[in-house]
Amino acid sequence: MAPILDSSPSNLPERDNYGNNGFVHIKNPHLDHLPEDILYHFDLGTKTHDLPSMFGDVKFVCVGGSPNRMREFAVFIHEELGLDGDSRDITDICAGTDRYSMYKAGPVLSISHGMGIPSISIMLHELIKLLHHAKCRDVTIIRIGTSGGIGIEPGTVVITDTAVDSFFRPQFEQVILDKVVVRNTELHPELAESLLRCSNEINDFPTIIGHTMCTYDFYEGQGRLDGALCSFSKEEKCEYLQRAYGAGVRNIEMESSVFAAMCHLCGLKAAVVCVTLLDRLQGDQITQSHAVLAEYQRRPQKLIAKFMKTQLGLST
Ligand code: R2B
Ligand code: URA
């Protein structure tokens with residue numbers, strides 16, 4: 001059966017009217033009939049929590065794979081924005097579950113999403129409903145993370161213009177019932193350009209805009225020769241990665257396609273900012289020291305802090 005396109009103009013938010021007067025688009029008529037919406041994986045709900053008073057002032061959402069990194073980011077941004085109170089007192093809003101962690105620092109929400117498309121997709125369904133129930137407006141959402149680079153210096157930060165699949169197609173295929181629905185994976189171009197400008201102003205680490213390939217696996221799915229299974233040669237791997245480079249792919253990770261697709265459909269201004277831990281044309285194993293990797297992982301955080309301060313009109 002032919003795939004169904006889920007990107008007809010009526011489904012796309014207008015670029016200049018992103019998000020329906022700034023509100024988040026919820027594209028589910030069934031939700032109106034729910035007496036209570038339980039956000040199960042956050043351990044939050046519309047009857048048990050006053051979501052507008054807890055989250056109504058959120059303007060930025062930052063998501064990333066690891067709970068520790070997202071706590072670290074919340075503490076860092078609390079200090080960078082000069083918010084009141086002790087940043088060390090920030091607690092996990094989702095402490096009732098160990099599926100995801102969520103921290104709030106003033107207008108910034110910092111949430112972990114785990115690894116891979118299924119994990120981030122569950123988180124995003126509940127996050128988008130949370131932002132809707134909380135009546136948040138004009139929210140910008142940014143995924144910060146790690147990735148494998150292709151043909152670029154390790155430590156380079158890649159801002160994604162479009163997420164592509166393993167065939168270098170700018171799309172995400174969602175299976176719904178027994179149909180394949182194809183969704184657009186373009187990210188917000190002006191936001192990507194603003195982020196690049198911020199990085200140029202910091203002038204601390206190389207940053208580029210490029211395509212990001214999103215895969216379902218870290219090993220075979222990313223053409224690694226060092227997994228428990230491998231059925232291809234080194235030459236085949238190199239030929240594939242070279243083709244990816246030729247198609248404009250500059251890094252590989254595991255969440256950007258569904259992130260771009262869902263944010264696009266729901267009218268959220270979204271960006272993906274990932275540091276590269278290695279150059280996949282040179283190898284597969286991540287051999288840098290912990291200290292070097294930790295510094296790399298702070299790069300997207302520094303860039304986002306600069307962006308948020310600029311947006312909030314704080315001196316930078
Ligand atoms: C980047 O790093 C993780 C795999 O190590 C995965 O979540 C991703 O997208
Ligand atoms: N994350 C990935 O998905 N791939 C890499 O090579 C490094 C980090």
Side-chain angles (χ1 to χ4, degrees), residues 6-32 34 37 39 42 44-46 49-63 73-74 77 80-81 83 93 102-111 113 120-121 123-144 159-161 163 183-198 256 258-273 303-314:
D6 199 4
S7 54
S8 63
S10 61
N11 273 336
L12 292 179
E14 289 291 317
R15 277 264 174 258
D16 296 328
N17 184 25
Y18 237 77
N20 202 7
N21 292 328
F23 289 112
V24 180
H25 294 266
I26 289 289
K27 301 200 154 192
N28 178 2
H30 304 290
L31 275 189
D32 294 341
L34 274 187
D37 192 7
L39 308 176
F42 287 160
L44 296 172
T46 49
H49 297 82
D50 182 352
L51 299 178
S53 79
M54 288 173 77
F55 299 104
D57 63 340
V58 167
K59 293 293 174 207
F60 302 102
V61 182
C62 223
V63 303
F73 177 73
I77 204 72
E80 287 286 307
L81 299 185
L83 299 174
I93 297 167
M102 181 188 291
Y103 302 94
K104 188 170 181 298
V108 183
L109 205 53
S110 177
I111 313 172
H113 56 61
I120 194 173
S121 155
M123 191 284 286
L124 285 173
H125 274 280
E126 295 182 16
L127 170 64
I128 291 166
K129 292 197 296 172
L130 183 154
L131 297 173
H132 167 74
H133 293 312
K135 301 186 167 48
C136 295
R137 293 183 81 161
D138 301 320
V139 175
T140 297
I141 180 167
I142 303 175
R143 161 167 149 70
I144 53 171
I159 302 168
T160 307
D161 53 6
R183 292 179 169 163
N184 182 312
T185 52
E186 197 191 336
L187 285 142
H188 198 277
E190 293 87 10
L191 177 57
E193 289 294 340
S194 305
L195 289 164
L196 183 64
R197 270 197 301 279
C198 287
S256 58
V258 72
F259 173 84
M262 289 182 71
C263 294
H264 198 104
L265 284 171
C266 295
L268 279 167
K269 221 172 159 177
V272 176
V273 179
L303 200 171
I304 300 314
K306 169 86 179 168
F307 170 76
M308 288 178 183
K309 285 196 282 187
T310 307
Q311 293 289 300
L312 293 169
L314 300 172

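We use all heavy atoms of the structure for the numbers below, so side chains are in, but hydrogens, waters and symmetry mates are not.
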Item checked: Atom pair CD1/CE of I93 and M54 - distance to nearest 0.5 Å -> 5.5 Å
Margin query: Measuring from atom CZ of F73 to atom OG of S110, what distance do you get when rounded to the nearest 0.5 angstrom?
Written below: 6.0 Å
Margin query: To check you understand the geometry: which heavy-atom pair defines the closest contact between R183 and A261, and what is its length?
Written below: CB-CB, 3.8 Å
Item checked: F23 and L131, any side-chain heavy atoms less than 4.5 Å apart -> no
Check: Can you name the residues that form a salt bridge (charged side-chain N to carboxylate O under 4.0 Å, His left out) with E126, not counting sequence neighbours?
Finding: none
Next item on the list: Just jot down the side-chain contact (heavy atoms from CB on, under 4.5 Å) partners of A105, sequence neighbours excluded, or say none.
Entry: I77, H78, L83, I90
Item checked: H133: which of I26, D37, V24 passes side chain to side chain contact (heavy atoms under 4.5 Å, CB included) -> D37
Notebook entry, point to check: Which heavy atom of M123 sits nearest a heavy atom of F42, and at what distance?
Noted result: O-CZ, 3.7 Å
Check: Atom CD1 in I159, atom CG in L187: separation rounded to 0.5 Å?
Finding: 11.0 Å
Notebook entry, point to check: Got P107 and L312 here, is their nearest side-chain heavy-atom distance under 4.5 Å?
Noted result: yes
Margin query: Is there a side-chain contact between F55 and L130 in this structure, where contact means two heavy atoms from C-beta onward sitting under 4.5 Å apart?
Written below: yes
Checklist line | Point-to-point distance, once rounded to the nearest 0.5 Å, from CG of L51 to NZ of K135 | finding: 9.5 Å
Margin query: Measuring only between side-chain heavy atoms, which start at C-beta, is T185 closer than 4.5 Å to H264?
Written below: no
Next item on the list: List in chain and number order the residues that pass side-chain hydrogen bond (donor to acceptor under 3.5 Å, both in side chains) with D57, two or more places apart in sequence or in another chain; answer none if no residue qualifies.
Entry: K104
Notebook entry, point to check: So do K129 and N28 actually touch side chain to side chain, heavy atoms under 4.5 Å?
Noted result: no
Next item on the list: Return the set of residues passing salt bridge (charged side-chain N to carboxylate O under 4.0 Å, His left out) with D161 (not counting sequence neighbours), or none when no residue passes.
Entry: none
Check: If you measure from NZ on K27 to CG on L265, what distance do you get to the nearest 0.5 Å?
Finding: 5.5 Å
Next item on the list: Output, in order, the C-alpha distance, side-chain angles, deciding distance and verdict of side-chain contact (heavy atoms from CB on, under 4.5 Å) for F307 and F60.
Entry: CA-CA 11 Å; F307 170 76; F60 302 102; 4.0 Å; yes
Next item on the list: Could you list the residues that satisfy side-chain hydrogen bond (donor to acceptor under 3.5 Å, both in side chains) with S256, not counting sequence neighbours?
Entry: E253
Note to self: For a side-chain contact (heavy atoms from CB on, under 4.5 Å) check, start with the C-alpha distance between I142 and V63, then their side-chain angles and the critical distance, and finish with the verdict.
What the structure shows: CA-CA 6 Å; I142 303 175; V63 303; over 6 Å; no
Check: Excluding sequence neighbours, so at least two apart, what forms side-chain hydrogen bond (donor to acceptor under 3.5 Å, both in side chains) with H49?
Finding: none
Checklist line | Test side-chain contact (heavy atoms from CB on, under 4.5 Å) applied to K59 and R137, step by step | finding: CA-CA 7 Å; K59 293 293 174 207; R137 293 183 81 161; 4.1 Å; yes
Notebook entry, point to check: Given side chains that start at C-beta, do those of V273 and T160 come closer than 4.5 Å, heavy atoms only?
Noted result: no
Note to self: Within the 4.5 Å heavy-atom criterion, are L81 and K309 side-chain neighbours or not?
What the structure shows: yes
Note to self: Under the criterion side-chain contact (heavy atoms from CB on, under 4.5 Å), I'd like the reasoning laid out for V61 against V108: C-alpha separation, chi angles, the key distance, then a yes or no.
What the structure shows: CA-CA 6 Å; V61 182; V108 183; over 6 Å; no
Checklist line | Close side-chain approach of I304 and L195, heavy atoms under 4.5 Å | finding: yes
Next item on the list: Flag this pair as yes if the NZ/CZ of R143 is under 6.0 angstrom from the six-membered ring centre of F259 and inside a 45 degree cone about the axis; otherwise no.
Entry: no
Check: Which distance, rounded to the nearest 0.5 Å, do you find between the SG of C198 and the CG of L303?
Finding: 6.5 Å
